[in-house]
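Protein chains get the first letters and strands the later ones, always in sequence-line order, with residue 1 at the start of each.
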Amino acid sequence: MATAEVVETGVTVERDTGSFRLGEWLIVALIHVCGISAILFVLAIFAFVFGEAAPLFWGDYGFSFAEFATSTHWSPAHPTSPHYGIVALFVGTLAVSVLSMALAVPLGLGAAVYVSEFCEGKRKETLKIVIELLAAIPSVVWGFIGVMVMSPIIIHGLGASIGTNILNGGVILALMSVPVIVSVGEDALKAVPDSFREAGLALGASRWEIVYRVLFPAAKNGLLAAVLLGVGRAIGETMAVLMATGHAVQIPTSVLDPVQTLTATIAAEMGEAEQHGTQFRVLFLIGVVLFAVAFVVNLTADIIVKGIRGKQND
Amino acid sequence: MTEVAQISISTRGLNLWYGDFQALKDVSVNIPRGKITSLIGPSGCGKTTLLRCFNRINERYGNVTTTGEITILGKNIYDEDVSLAELRKTVGMVFQRPNPLPISIYENIVFGQRVHSRRGTITRAAADAMVQSALEEVQLWKDVKDRLKKKATFLTLEQQQKLCIARLLPLKPRVILMDEPCSALDAEGTEAIETLIEGLREKYTILIVTHNMAQARRASEECIYMLLGEIIEHGPTTEIFLSPKNKQTEMYIEGRYG
Ligand SMILES: Nc1ncnc2c1ncn2[C@@H]1O[C@H](COP(=O)(O)OP(=O)(O)OP(=O)(O)O)[C@@H](O)[C@H]1O
Ligand SMILES: [Mg+2]
């Protein structure tokens, strides 16, 4: 009787490990597929975007890359002589991004320092939750705020004739990038060992001196990564800038000038462009440009973050 | 006058609480000037806490309450007009784990002066001289003089701890607090740091926490034994080790507990 029981349990146990092994194998396989599919998706998307744009270079589209790269003239829908110059759009994106970063970087890093170093307990928790909420606001809502709140303020406050312009888009994008910068920046500061703060304090440094003499050098890679992620967000954002920057293809001369960004151009014109026509393909080419810019920014952020990890392992 | 002049740190009825937990109980002690005093006692008895009172670095935790009086070089450090920066310039601290800042060796040494002088008032030559003399005093100059621009965190632990002592020196401290400065080091490193501390004797008042009885015996002239937040015995090291007056001190020194 006793022997039988032993045998039986033996068998059960064996069957258990068997199914466990199978289950484990399945999970591992699934994880592999997920991991590889991420790469495949990126490649597929790039192939698709590039594939739609590529015929411009060898097909008969009357498209000149030299004009595309150097002209400020963008009139794709012109019935007889359309022009496809990316420069004004690029400058539009650049202007809005630069302004938004000029606002978001000091604000975001300042907030990260405040949350990480100068507040504690309930206030810290509350702030972190609010910042996460801010990050969760859909971009179309930010667009609304740009049109309904910022625009009247700019018109009445600064006397601008049009309220949707670089300033409006820049402020909206800054507000959208700040949460990213704060949360990544705060992580970077939090990772600085407390012993460094104590070393600084014991030498007579004030809390503020600790921030810029100790924490900034110690966390500089993480903070840089935070800023670059913010930049990435600003460059890639579409809906809010579409609504807030005011559609005017031009080289701006002041922050109160409306502009049109690369992303907004694609979003606004794709619907009207003739399938596989020249304009259609040029919009895809703009997509390739955006892809390249985003890639460079992300890669830089990545290398920097890797740099931090590498150093920590030393 | 002479009595006061011989005393560097003096506490009267010092109590300290972390929240509800009382870590120091009615501590009254006089620490002599220009000598090395060791602070011994079992783990958790409040040695670190007492040490951290003397540069008021305990206050960075929000839940700390202190009562009583601490006088350092004749000045009550809780007086309104005491600046924390000045206090910490006079009272330097060396930590249990070497904690050089993640900047260059050179900048680690100059850090204190940069904090305490107005921007741009330290000349290059003055800084160079400061770095060399501080590193020479801790016998580190020969080892690192060719890589002063390298990050200090890449040094060996022993070198890091020497650097942590060296960076105090340009501030011309009067008191140096050391919290188990050798506990992260191997035997060789311990010996090197002990020699170094020995060399600093007389120039500074040194208060050193240690778990190492042999070290306390070798290195210190006076010894304080603490237990559960109270000072049990304080006297010349030889007396404490040869003929402790208190039974508990005797048991601790003989290694019955701790
Ligand atoms: N920040 C803190 N918050 C709450 N309690 C603390 C804090 N720091 C220390 N304590 C408590 O105060 C008591 C004294 O701690 P302290 O670190 O001063 O002991 P110690 O004598 O230095 O011990 P060790 O020899 O282990 O370093 C301990 O019971 C400890 O748990
Ligand atoms: Mg301790």
Side-chain angles (χ1 to χ4, degrees), chain A residues 109 112-128 185 187-226 304-314, chain B residues 48 51-52 54-63 83-104 107-117 119 151-154 160-161 163-173 175-179 184:
Chain A
L109 291 184
V113 166
Y114 179 72
V115 172
S116 153
E117 304 299 317
F118 291 90
C119 68
E120 261 152 38
K122 265 230 170 71
R123 185 187 304 178
K124 184 172 185 151
E125 290 314 308
T126 317
L127 266 173
K128 285 173 79 167
D187 282 347
L189 291 171
K190 205 166 57 188
V192 177
D194 209 35
S195 65
F196 290 163
R197 294 182 184 82
E198 294 210 324
L201 278 177
L203 286 164
S206 65
R207 291 218 281 178
W208 169 239
E209 283 167 327
I210 303 256
V211 168
Y212 76 90
R213 287 191 191 278
V214 178
L215 299 180
F216 280 175
K220 72 170 181 291
N221 290 340
L223 296 176
L224 212 58
I304 290 170
V305 171
K306 289 251 172 53
I308 310 175
R309 295 221 190 95
K311 280 220 186 83
Q312 278 167 351
N313 291 341
D314 276 344
Chain B
T48 298
L51 208 66
R52 288 165 67 94
F54 297 145
N55 63 354
R56 290 180 59 184
I57 205 169
N58 268 335
E59 289 167 26
R60 64 187 300 252
Y61 304 122
N63 64 344
S83 105
L84 278 182
E86 281 305 309
L87 171 67
R88 288 168 184 168
K89 192 174 163 186
T90 317
V91 182
M93 180 169 248
V94 178
F95 294 80
Q96 191 165 356
R97 271 208 77 77
N99 58 353
L101 295 168
I103 49 183
S104 68
E107 280 304 319
N108 261 279
I109 304 278
V110 192
F111 184 93
Q113 278 297 342
R114 291 217 195 285
V115 163
H116 289 281
S117 29
R119 187 174 277 276
K151 256 197 176 181
T153 36
F154 289 115
Q160 290 188 14
Q161 197 62 304
L163 180 65
C164 289
I165 296 174
R167 71 179 170 196
L168 303 175
L169 305 180
L171 294 176
K172 308 214 167 14
V175 177
I176 299 180
L177 309 169
M178 301 187 174
D179 192 356

(request) Give, as side chain, backbone, both or neither, the part of Arg97(B) having an atom under 4.5 angstrom from any heavy atom of chain A. (result) neither
(request) Working to the nearest 0.5 Å, report the span between CD of Glu120(A) and CG of Asn63(B). (result) 9.5 Å
(request) Check Ala199(A) against Asn99(B) and note the closest heavy-atom contact, atom names and distance. (result) CB-ND2, 3.4 Å
(request) Give, as side chain, backbone, both or neither, the part of Thr153(B) having an atom under 4.5 angstrom from any heavy atom of chain A. (result) side chain
(message) One thing to verify: whether Arg60(B) and Glu198(A) come together as a salt bridge, which I'm taking to mean a side-chain N less than 4.0 angstrom from a carboxylate O.
(response) yes
(request) Could you tell me whether the side chain of Leu203(A) reaches within less than 4.5 Å of the side chain of Leu171(B), counting heavy atoms only? (result) yes
(request) First locate atom CD of Gln96(B), then atom OG of Ser195(A), and finally report the distance between them rounded to the nearest 0.5 Å. (result) 11.5 Å
(request) Please report the shortest heavy-atom distance between His116(B) and Gly204(A), naming the atom on each side. (result) NE2-CA, 3.8 Å
(message) I need the minimum non-hydrogen distance between Ala205(A) and Val115(B), along with the two atoms involved.
(response) CA-CG1, 3.5 Å
(request) Under 4.5 Å heavy-atom distance to chain A, tell me which part of Arg114(B) shows up: side chain, backbone, both or neither. (result) both
(message) Can you give me the closest heavy-atom contact between Asn55(B) and Ala202(A), atom names plus distance?
(response) ND2-CB, 4.1 Å
(request) Could you look at Pro173(B) and say if it's the side chain, the backbone, both or neither that has a heavy atom under 4.5 Å from chain A? (result) neither
(message) Are the side chains of Phe196(A) and Ile103(B) in contact, using a 4.5 Å heavy-atom criterion?
(response) no
(message) If you count heavy-atom pairs within less than 4.5 Å of chain A, which of Met93(B), Arg167(B), Glu107(B) leads?
(response) Arg167(B)
(message) With a 4.5 angstrom heavy-atom cut-off, is it the side chain or the backbone of Arg207(A) that approaches chain B, or both, or neither?
(response) neither
